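Heads up, the thing below is written out as structure tokens.
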Amino acid sequence: MRLGSGAFAACCVAIEVVGVAIFIRGFFPAPVRSSARPEHGVETPAPEPVAGASSNWTKLPSPLFSKVVIVLIDALRDDFVFGSKGVKYMPYTTYLVEKGASHSFVAEAKPPTVTMPRIKALMTGSIPGFVDVIRNLNSPVLLEDNVIRQAKAAGKRMIFYGDETWLKLFPKHFVEYDGTTSFFVSDYIEVDNNVTRHLDKVLKRGDWDVLILHYLGLDHIGHISGPNSPLIGHKLSEMDSILMKIHTSLLSKERETLLPSLLVLCGDHGMSETGSHGASSTEEVSTPLILISSAFERKPGDIRHPKHVQQTDLAATLAIGLGLPIPKDSVGSLLFPVIEGKPMREQLRFLHLNTLQLSKLLQENVPSYEKDPGFEQFKMAERLHGNWVKLHLEENHSDVLLGLGTKVLRQYLGALKTLSLSLSTQVAHYDIYSMAVGTVVVLEVLTLFLLSTPHVLCRKDELDVPLLSPVSSLLFYLLFLVLSAVHVLVCTSSESSCYLCSLPWLAAGGVMVLVAALLCAILSALIRMVVDSTLLKKSASHPSSGWSEVDLLLLLGTVGHVLSLGASSFVEEEHQTWYFLVNTLCLALSQETCRSYFLGDDCEPQHRFHVEQECVDILACTRKDSTSYSTPEPDRKGKGVSLSETKGSSKWWAVLASPWLVLICCRLLRSLNQTGVQGAHRPDFSHWLTSSDHKAQLSGLAALSLVVIFMLVQKGCSLVSKAALALGLLGVFCYRAATGIVLFPWQPDNKSISKGIIEARFVYVFVLGILFTGTKGLLKAQVIATDFKTRTIGLWEIHSGLVLLAALLLRPHNLPVLAFSLLIQTIMTEFIWKHLRHDAAKITVMHYWFGQAFFYFQGNSNNIATIDISAGFVGLDTYMEIPATFLTVFGTYVGPVLWASHLVHFLSSETNKYVSTHGLLCVCLASLPKAGTLSFPSVPD
């Protein structure tokens, strides 16, 4: 079967999408959901269990509290309240925790620890997935059953002030509200003042039932300067005074009501040691949860230590406290200390409602729910509960009734814990079978596409996909039968549900047919390639040279890295892989330079290929919109200088030392920022620089780095761009000085700080100017096709503009990373790539390796918490989604972007290498049946 190159590429893309979709379906597990939807109306609550008689308690229990105030402080870590900072900066809260009428907990937040998923967990009791990280940028309406919806349905009047994420999740639920944007992290004062300014008038009124306050200032301070900033203490003191105002107001109003009020202090997530959040470190998942009410009076000497609970437990507790049904999708359990002071019958009623809700959720999501220990424990507790109710209705108040009630309590609490754990585990269950099938499809398509790359590059070419030959047909049927047998075996033996197993047999069979067909096509392409390469070797006058150590390292290193991503530990510590590969590459380059210098070029002969006109025509078809193509004559001009020719010159020592100098630079950068999971907590040079005691050293290092950046970048720029670059880098230092991170020599340390809006915009002007100049040069070179110099300068000026933008967005302690990156680019360009005459393929892979390594040298990792959100708000005084997103992404991927832009400039400037690479491509094309004749004359160097 013959396909055009365009149709073949389109089929590959379509099948690739199918494979990725199957993988994603398995990677993001199906959430634990109840089949009863909120829009179906309020269900009648289950009656109280009773043995041999009917109970008269068939309604929901009465509310425990008249008013509920929830104070949610974004990024409030547990040690900010229960640790030394709490004692120092939050004395009133500390008093309530240690001696007041309160219950304290350390609530564990499941990752991802970002705001929107945590609000969902607090209000629904369910565990959101990582897909909610993307939704966090633009939160949709929350359709799951939740406490807010239940409260509105019950006629509760709710008021909200704070993070506007709540208003997106719960539109039209609040009778009064005022939202503040959560993404403008440079503001940590007004964002909280806009919440507090409403407090006095609201607390004086009594026309509300639920008040929710979401403070963002603490989170913004963490993003700007980390958890050890002196601003943290001031913000905690501010929050403590606000909590005291609310508590005293609630106590004064309780005299007018029959029920007590409840004040809840909690955090949505914690804060890492770098000030970010999103991952699963202890600092990010541990949040305080304090329930304050006059109903929790404690006796003298009653010491209550904070207990560890799940953040999802709050939804069930709030529902019981307000007399509402527990959200149907909740996997949390009621916090028992809240109802501990109630009569035994009420306690058992509350626990029964919670356990019954969890058991129903288990039945709808776990096929083998009857074997679950929690379900068996629930059934036992329900039977004992019925016996207790029967004795209670008979007015039997003996010790037997008390003992049986205590036993039922223990059974219910044990069942709650086990059921909640089972459901939470179900949420984290991955569909391995779907993930494996999706991965196989993706890899098959990629392999087939790579094997067909030479033909795909030519738009008028056709590809022969041998699926209808007798051999391929027989192989296809055998593979289809084997895959079908594997599918049946997996689906019949798996205890958990699989997506592919739930599909109709026709759809599942289609997937098996697709996998078998792709595998047959790959095997056919490989056989053809082996046969063609054998014929090519027989017809060649001189065999081609073997692979060098650098070639093998680049190939095996890239493939090995891809394979290492199959293990989670290698993903968590991926930086170690790139550090090892880059260091090994430096050693291999050192060996190559020494061998080329001491043994001469004869040890690795360079071959030039003379290609027949037909091959040139095939190559020319890959160049878009090209009207002519000419093969340049091989001459000495433009050819890289041989390393043996530098003997006795002043450059030979620099060429030999350059790999070792790059190796030293990489080793120094490793000490600047510790990253990963296992080593992120270790001390590094950046922590020393960012401490308040070493601001002078940080200022000096930042200034030196900016000077080095200018010296390395300005050499390829025009005079106007050099001036703009110098002023822009000066503006970068002024911006950091305005924000108080660095100091001028004449500047006092106690100078008032600002947001640096004017200074940052001053730099943006020069960034746009340099980028405009470079783009104008590129457009000019496009009109004048032979003006290679203008094109080269234009590309370098675009690279320079990106460097200036990176210098503005990177934090001052990371400016040496940018300087070392430019230094290594210069060393590799001047002393390695040109002298060793590497082709474009090797240079491209090396750029990719260094770009990935510098991503981690910057302090990044595969942990979402290492993203520096503050980079997205440099120079912005209001939140603008598109600029903030662009700046955040660019600030995160500075290393790969700058190495990619340098690669484009280098390949454009090295025209001789570009032609050599296309010559190699012609050789690949000529090895196929349609490519014509080919000869390999050896050209002396």
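Just so you know, these numbers come straight off a predicted model, no measurement behind them. For the single chain, residues carry numbers from 1 onward in sequence order.
At distances below 3.5 Å, not a single donor-acceptor pair connects side-chain atoms of Arg304 with backbone N or O atoms of Glu98. No side-chain donor-acceptor contact under 3.5 Å links Asp163 to the backbone of His214. Using modelled atom types, no side-chain atom of Ser420 and backbone atom of Ser333 make a donor-acceptor pair closer than 3.5 Å. Looking only at distances, a side-chain donor or acceptor of Thr180 sits under 3.5 Å from a matching main-chain atom of Gly162. Side chain of Asn146 to main chain of Pro327: no donor-acceptor pair is present (N/O by atom type, distance under 3.5 Å, no hydrogens or angles). At least one donor-acceptor pair closer than 3.5 Å links the side chain of His694 to the backbone N or O of Trp688. The backbone N or O of Gly100 lies less than 3.5 Å from a partner atom in the side chain of Arg298, making a donor-acceptor pair. With Gln357 contributing its side chain and Ser330 its backbone, the two residues share a donor-acceptor pair below 3.5 Å. The main-chain N or O of Gln310 is found under 3.5 Å from a side-chain atom of Asp313 such that the two form a donor-acceptor pair. No side-chain donor-acceptor contact under 3.5 Å links Ser286 to the backbone of Glu283.
Tyr177 has its side chain out of reach of Ile159: every pair of non-hydrogen atoms, C-beta onward, lies at least 4.5 Å apart. No side-chain heavy atom of Ile212 sits less than 4.5 Å from a side-chain heavy atom of Met158. Using a 4.5 Å cut-off on side-chain heavy atoms (C-beta onward), Val71 and Ile242 make no contact. In this structure the side chain of Leu169 never reaches within 4.5 angstrom of the side chain of Ile148, judged on heavy atoms. In this structure, Leu211 and Val68 have side chains that are not in contact, with every pair of non-hydrogen atoms separated by 4.5 Å or more. In this structure the side chain of Leu291 reaches within 4.5 angstrom of the side chain of Leu262, judged on heavy atoms. Looking at His247 and Val69, their side chains never come closer than 4.5 Å, going by heavy atoms from C-beta outward. By the 4.5 Å heavy-atom criterion applied to side chains, Ile290 and Leu96 are not counted as neighbours.
The only member of Tyr161, Trp208, Phe160 that meets ring pair (Phe, Tyr, Trp, His ring centres under 6.0 Å) when paired with His198 is Tyr161.
Across every non-hydrogen atom of Gly226 and Ile232, the tightest pair is O-CG1, 3.8 Å. Asp329 approaches Glu144 most closely through the heavy-atom pair OD2-CB, 3.9 Å. Taking all atoms of both residues into account, the shortest heavy-atom contact from Ser104 to Val97 is OG-CG1, 3.4 Å. Here the shortest heavy-atom pairing between Leu259 and Ser66 reads O-OG, 3.2 Å. Shortest non-hydrogen contact noted between Thr675 and Asn860 is OG1-O, 2.7 Å. Residues Arg118 and Pro112 share a closest heavy-atom pair of NE-O, 3.4 Å.
For Phe890, the CZ atom counts as densely surrounded, since its 6.0 Å shell holds more than 12 non-hydrogen atoms of other residues, nucleotides or ligands. Annotation for Tyr92: atom OH counts as buried by contact number, over 12 foreign heavy atoms lying within 6.0 Å.
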**OP:** Before giving the answer on salt bridge (charged side-chain N to carboxylate O under 4.0 Å, His left out), spell out for Asp868 and Arg811 the whole-Å C-alpha distance, their side-chain angles and the decisive distance to 0.1 Å.
**Re:** CA-CA 9 Å; Asp868 183 12; Arg811 299 200 180 193; 2.9 Å; yes

Subject >> Residues Leu318, Met123; criterion side-chain contact (heavy atoms from CB on, under 4.5 Å); working and verdict >> reply: CA-CA 9 Å; Leu318 288 177; Met123 294 295 106; 3.9 Å; yes

**OP:** Check the pair Glu176 / Arg205 against salt bridge (charged side-chain N to carboxylate O under 4.0 Å, His left out), numbers first and verdict last.
**Re:** CA-CA 13 Å; Glu176 186 178 320; Arg205 293 157 37 192; 3.1 Å; yes

**OP:** Test ring pair (Phe, Tyr, Trp, His ring centres under 6.0 Å) on Phe733 and Phe744 and set out the steps.
**Re:** CA-CA 9 Å; Phe733 194 88; Phe744 284 108; 5.1 Å; yes

Original post:
Under the side-chain hydrogen bond (donor to acceptor under 3.5 Å, both in side chains) criterion, do Ser691 and Asp693 qualify, and how do the steps go?
Top reply: CA-CA 5 Å; Ser691 64; Asp693 298 331; 5.2 Å; no

Original post:
Step by step, would you call His277 with His223 a ring pair (Phe, Tyr, Trp, His ring centres under 6.0 Å)?
Top reply: CA-CA 9 Å; His277 53 86; His223 284 298; 5.0 Å; yes

**OP:** Could you go through the side-chain contact (heavy atoms from CB on, under 4.5 Å) check for Ile758 and Tyr735 one step at a time?
**Re:** CA-CA 8 Å; Ile758 298 177; Tyr735 165 71; over 6 Å; no

**OP:** Verify side-chain contact (heavy atoms from CB on, under 4.5 Å) between Met239 and Asp192, making sure each step is shown before the conclusion.
**Re:** CA-CA 10 Å; Met239 295 295 104; Asp192 285 346; 4.0 Å; yes

Subject >> Residue pair Glu190, Arg197: steps toward the salt bridge (charged side-chain N to carboxylate O under 4.0 Å, His left out) verdict >> reply: CA-CA 10 Å; Glu190 293 298 326; Arg197 64 191 176 95; over 6 Å; no

**OP:** Take Ile320 and Ile326, measure what side-chain contact (heavy atoms from CB on, under 4.5 Å) needs, and give me the verdict at the end.
**Re:** CA-CA 7 Å; Ile320 293 296; Ile326 298 175; 4.2 Å; yes

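Between atom NZ of residue Lys245 and atom CG of residue Asp240 there is a gap of 12.5 Å, rounded to the nearest 0.5 Å. Considering OG of Ser261 and CD1 of Ile246, their distance stands at 12.0 Å, rounded to 0.5 Å. Note that the NE2 atom of His269 and the OG atom of Ser272 stand 10.5 Å from one another [nearest 0.5 Å]. To the nearest 0.5 angstrom, Leu243 atom CG is 9.5 Å from Tyr215 atom OH. The distance from atom CZ of Phe350 to atom OG1 of Thr317, rounded to the nearest 0.5 Å, is 11.5 Å. Summarising the geometry, atom CG belonging to Leu76 is positioned 11.0 Å from atom CG belonging to Asp219; distances are rounded to the nearest 0.5 Å.
At a cut-off of 3.5 Å, with distance as the only test, no side-chain donor of Thr257 or Glu254 sits close to an acceptor on the other residue. Under 3.5 Å, the side chains of Gln150 and Asp145 contain a donor-acceptor pair of N or O atoms. Judged by distance alone, the side chains of Asn194 and Asp178 never bring a donor and an acceptor atom under 3.5 Å apart. In this model, no donor atom of one side chain and acceptor atom of the other lie less than 3.5 Å apart for Thr287 and Asp78.
Between Asp79 and Lys85, none of the side-chain N atoms (NZ, or NE/NH1/NH2) sits under 4.0 Å from a carboxylate O, so this pair counts as no salt bridge. In this structure, Glu108 pairs ionically with Lys110, as a charged nitrogen and a carboxylate oxygen lie closer than 4.0 Å.
In this structure, Trp166 and Phe170 have tilted ring planes: the angle between them lies in the 30° to 60° band.
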